[in-house]
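Okay, so here's the structure we're looking at.
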2 protein chains.
Amino acid sequence: MGRPTQFDKDEALDIAMILFWKNGYEATSVSVLAAAMGITRSSFYNAYESREKLFGLVLHRYKKEAPDGVLTEITDGKPILPTLCAMFREICDLRSADPDRKGCLVINSVAELGKDAEAPPFVRDLFSAMVDRFLRLVRQARDQGELAADTDIQALAGELAAFLSGINLMSKVITDRQQLWRTCRSFLVSHKLMVEDDV
Amino acid sequence: MGRPTQFDKDEALDIAMILFWKNGYEATSVSVLAAAMGITRSSFYNAYESREKLFGLVLHRYKKEAPDGVLTEITDGKPILPTLCAMFREICDLRSADPDRKGCLVINSVAELGKDAEAPPFVRDLFSAMVDRFLRLVRQARDQGELAADTDIQALAGELAAFLSGINLMSKVITDRQQLWRTCRSFLVSHKLMVEDDV
DNA sequence: TCCGTATTGTACAATAATGTACAAAATAAA
DNA sequence: TTTATTTTGTACATTATTGTACAATACGGA
């Protein structure tokens, strides 16, 4: 059924992801994308329709391999806080190990947001989804007795979202792993999400 | 001494600031800048030499009117925590009141940073300066007895920087003033930077 | 008034990017 | 082998953008 695609779509998507991640959505032109993917602009438009559509695919892929993905895999009844802490540690490790200082693709994209929806709309949703997920997790943790019964879960979820965003952003300037983790640990401890002597 | 400038440099700088703020550094072209400022590109290059130089001026101006400016005005001996809390509250007010959801110019610019110093270098310095300032303030607060003597001031300074960054970023998606402030208050209280019943 | 000097408008040449159109190429199925 | 179908390369017309060059302009000071 027609001529098959000459390039590896998965590989191309990876390349696109790195470019968007490194340079930002707006700053990554179709010409540059196509060239990096090793295809012509013609094939690009044929395969992805538009830069925005491709970005949607990229974000979808990013979500799957992002370090906070572990939070999605938490099932009812399982302890939450250890996974949460591990995620923060993982983020410190990943960000400080990245020689490109790319930070987090989602956070970078949120920063690009303007009121007028020039930028892809799903970025907003992705962020809101993160806040919602934190809220669910924190509620579950409270209900499971991992957090005090009188915990303000709304506020805590907000704090987690803000702090996580901030750490990801900060990692573009502060590149020392120890310093990042120390900051995270302090945050986690002061919110009783981990105890001092863990690790 | 030559023909005088036909346009108001202060006014033009303001216009440029809004544009950079709203659309980001990279996405704001000289053409658009010059047009918005009401001058020709010719005059633009004559007056500012380059977009990067202008951005330097813009950041300088921004720093002066930014909500965290109050922290610079703290002199020895004065209490620190009330001012710190007031700043967070001010930021919630400002960000939620901004119909353009611009967030913070510095934070937006940090998000644009790549490893290769394409972007103006002073952005990095500006962020580092913020961390340093938090460290000095926290140290002073501890020495003044506003914080416990065994406070890990490095970690706390990092937390403040990360959280503040995150709140500014988050304000581009979460626009409800109450929700933002609730998050900040929770953060401040859990770090003993304010007491629950303040405001 | 006239001169020096800095700003301005217009022009230029070059590069980059956009989206579309169409013919050539390559394969699966008939 | 032929046909239907999809990808691919090339081309096109358009619009942005860049930095520089140069002459025209306007004002302060002599």
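Keep in mind that the numbers below use all heavy atoms, side chains included, and drop hydrogens, waters and symmetry copies. Bear in mind the structure is a predicted one, so any value in this text is a computation, not a measurement. Chain naming here is simple, since letters A, B, ... match the order of the sequence lines and numbering starts at 1 in each.
Across the protein-nucleic acid pair, A/E49 atom CD and D/dT7 atom P stand 12 Å apart, rounded to whole Å.
In A/K9, the NZ atom is crowded: over 12 heavy atoms of neighbouring residues, nucleotides or ligands sit closer than 6.0 Å. No more than 12 heavy atoms of other residues, nucleotides or ligands shown are found within 6.0 angstrom of NZ on B/K192.
With A/F44 as the aromatic partner, A/R51 does not meet the cation-pi criteria of under 6.0 angstrom to the ring centre and within 45 degrees of the ring axis.
Side-chain contact annotation: A/T183 with A/S186, donor-acceptor N/O pair under 3.5 Å absent.
The two residues B/I80 and B/E146 have their closest heavy-atom pair at N-OE2, 2.8 Å. The minimum heavy-atom distance linking A/Q140 with A/K78 is given by the pair NE2-O, 4.1 Å.
On the nucleic acid side, DNA chain C contacts chain B at distances under 4.0 Å to non-hydrogen atoms, with the end points of that region at C/dG4 to C/dT10.
The aromatic rings of B/F20 and B/F55 lie perpendicular to each other, with more than 60° between the two planes, well past the 30° mark. Relative orientation of the B/Y62 and B/W21 rings is perpendicular, given thresholds of 30° and 60° on the angle between their planes.
Using a 4.0 Å cutoff on non-hydrogen atoms, the parts of residues 36-46 of chain A near DNA chain D are A/T40, A/S42, A/S43, A/N46, ordered by number.
A residue-by-residue look at B/R3 and B/R51 shows that B/R51 has its nearest nucleotide of DNA chain D further toward the 5' end.
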